[in-house]
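Report on the following structure.
Naming: A, B, ... by sequence-line order, numbering from 1 per chain. Please read these numbers as outputs of a predicted model, since none were measured by experiment.
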Protein chains: 2
Amino acid sequence: MTTRKRRPSGEASREHILSIALGLFREKGFDGTTMRDIASAAGLSLGAAYYWFPSKEALVLAYYARQQDAHAEAARGALETMPDLRSRLGAVMHAKIDMLKDDRKLLRAILRSTLGADEPTSVFSEETSDVRRKAIATFHDAIGKDESIPEDARPLFAQALWTLHLGLLLYFVSDTSEDQGKTRALVDGSLDLVCKLAPLLASPMLGPMRAEIAALLQNAGLFAAKK
Amino acid sequence: MTTRKRRPSGEASREHILSIALGLFREKGFDGTTMRDIASAAGLSLGAAYYWFPSKEALVLAYYARQQDAHAEAARGALETMPDLRSRLGAVMHAKIDMLKDDRKLLRAILRSTLGADEPTSVFSEETSDVRRKAIATFHDAIGKDESIPEDARPLFAQALWTLHLGLLLYFVSDTSEDQGKTRALVDGSLDLVCKLAPLLASPMLGPMRAEIAALLQNAGLFAAKK
DNA sequence: GACCAAATTTGAACATGTTCAGATGTTAGG
DNA sequence: CCTAACATCTGAACATGTTCAAATTTGGTC
């Protein structure tokens, strides 16, 4: 309550602009929608839109956060009722696809900036680390206390699942099959394989390899060892 | 010789523009370089640049093709002298990194459009399928007739290596370590693992799973079964 | 109510990718 | 040489993301 008391109609503008923008993105695509379109559809001037969102890509960032929160929420519900690892993972993935199913065009248009290395909207960027952390946590929750995955392997496994999920989404955005059936099949097939293969890494034969993988990723800075 | 006889100074312009453009990209980045910069540095008008390259991204496409040819060439040389699978794969990967080592800034700037689904410059697009096919062929050559990889598994393995190589490049472009040491380590570590794990998929225990993977990818259209 | 500072909005610029109608040069045939 | 057809190039537009100084509104304070 120091200086943060004022936001009477302010934040409402922000939400309003974001809704209008996402609607236009879905309808006309990302490139097909102009910042001037957004501003005028929202009943504001161009400059006002830039007051709330410093760039067109900032709208994408806001979309990320919104989706991630919604997904975490949806996943939380599904996780409670699922008895085993495989079905929990399936629930998480399918919940995401259900949620994004009508946004494929939007996602496709956005994709270019979500994989870049420099871009602030990159899935790997500092700016999106919050969203990323939450997403990985959702997978960690899905793993739960399943005994087939040794406890110390769970963070690594969660991260691997997140990476797999990125790959699946990459496929998904261009999947024009009925109800995204091909993506669903790919999701289920991948998860079947993963659930069969993952426990093998705990077996005597492949056990040491797990440490090798973890070390490799840690040296590359791709995986932060917990405490 | 029907109507294609004229190109006295013509194609030279094209090459000249491309060289100038790549130089500027390396020096000032992709976004930092303006089509007007390119045109004036090449001693031409803006329109002339657009006569030869219909868009800024077209310059990127030309860069792809040029790099891929150079890499295939470099790899071919290295392959002949390497006795075993592991060293051949290492030669291919390291040749690529050597070749791109000074273009990291350029690649980073370009990356955004190389992973998009719609973009013509996407590594997955129709427009780049030639380059992609050649790149996968290079890996196929590296596998050669190594007995640890069953013959019918080689196309799939080659494609997997190409995908791994994409991931490694994604890491590479942002790797600021001395002489890209971290990337080199990641390359070697990944290849060690791959060479250890791949033969397992031919073992009795995991053999059936190989077919499962192939079927999964084929149904998704991600892997074209040969003949 | 008058007034101040911060929050919000405006409108006019600017930079840059792209397009295009026309100018200019080049080649082949007469 | 002259001319038609084509290749190449030019310069001026246009569209759109972004910036910014200034105007306006808002909420609290005297």
Check: To the nearest 0.5 Å, what is the distance between NE2 (B:H165) and CG (B:L89)?
Finding: 12.0 Å
Next item on the list: Using distance alone, with no hydrogens and no angle criterion, decide if B:R154 and B:H140 have a side-chain donor and acceptor under 3.5 Å apart.
Entry: no
Checklist line | Cation-aromatic face contact A:K182/A:Y171, 6.0 Å, 45 degrees | finding: no
Item checked: Nearest-Å distance for atom pair CZ/P, residues A:F53 and C:dT9 -> 12 Å
Notebook entry, point to check: Going through the checks in order, is the salt bridge (charged side-chain N to carboxylate O under 4.0 Å, His left out) test met by A:R88 and A:D141?
Noted result: CA-CA 9 Å; A:R88 282 198 298 275; A:D141 289 346; over 6 Å; no
Note to self: I need a per-nucleotide contact map over nucleotides 11-21 of chain C, read 5' to 3'. Cutoff is protein heavy atoms under 4.0 Å; write B for the base, S for backbone only, - otherwise.
What the structure shows: B-B--BBBB--
Item checked: Distance-minimising heavy-atom pair for B:F139 and B:A158 -> CB-O, 4.0 Å
Checklist line | Between C:dA6 (P) and A:Y51 (OH): distance, integer Å | finding: 12 Å
Next item on the list: Check whether any side-chain nitrogen or oxygen of B:W52 sits under 4.0 Å from OP1 or OP2 of D:dA7, and answer yes or no.
Entry: no
Margin query: Rounding to an integer number of Å, can you tell me how far B:I17 CD1 sits from D:dT8 P?
Written below: 11 Å
Checklist line | D:dC9 phosphate, OP1 or OP2, under 4.0 Å from B:S13 side-chain N/O | finding: yes
Notebook entry, point to check: Between B:D175 and B:K101, is the closest basic N to carboxylate O distance under 4.0 Å?
Noted result: no
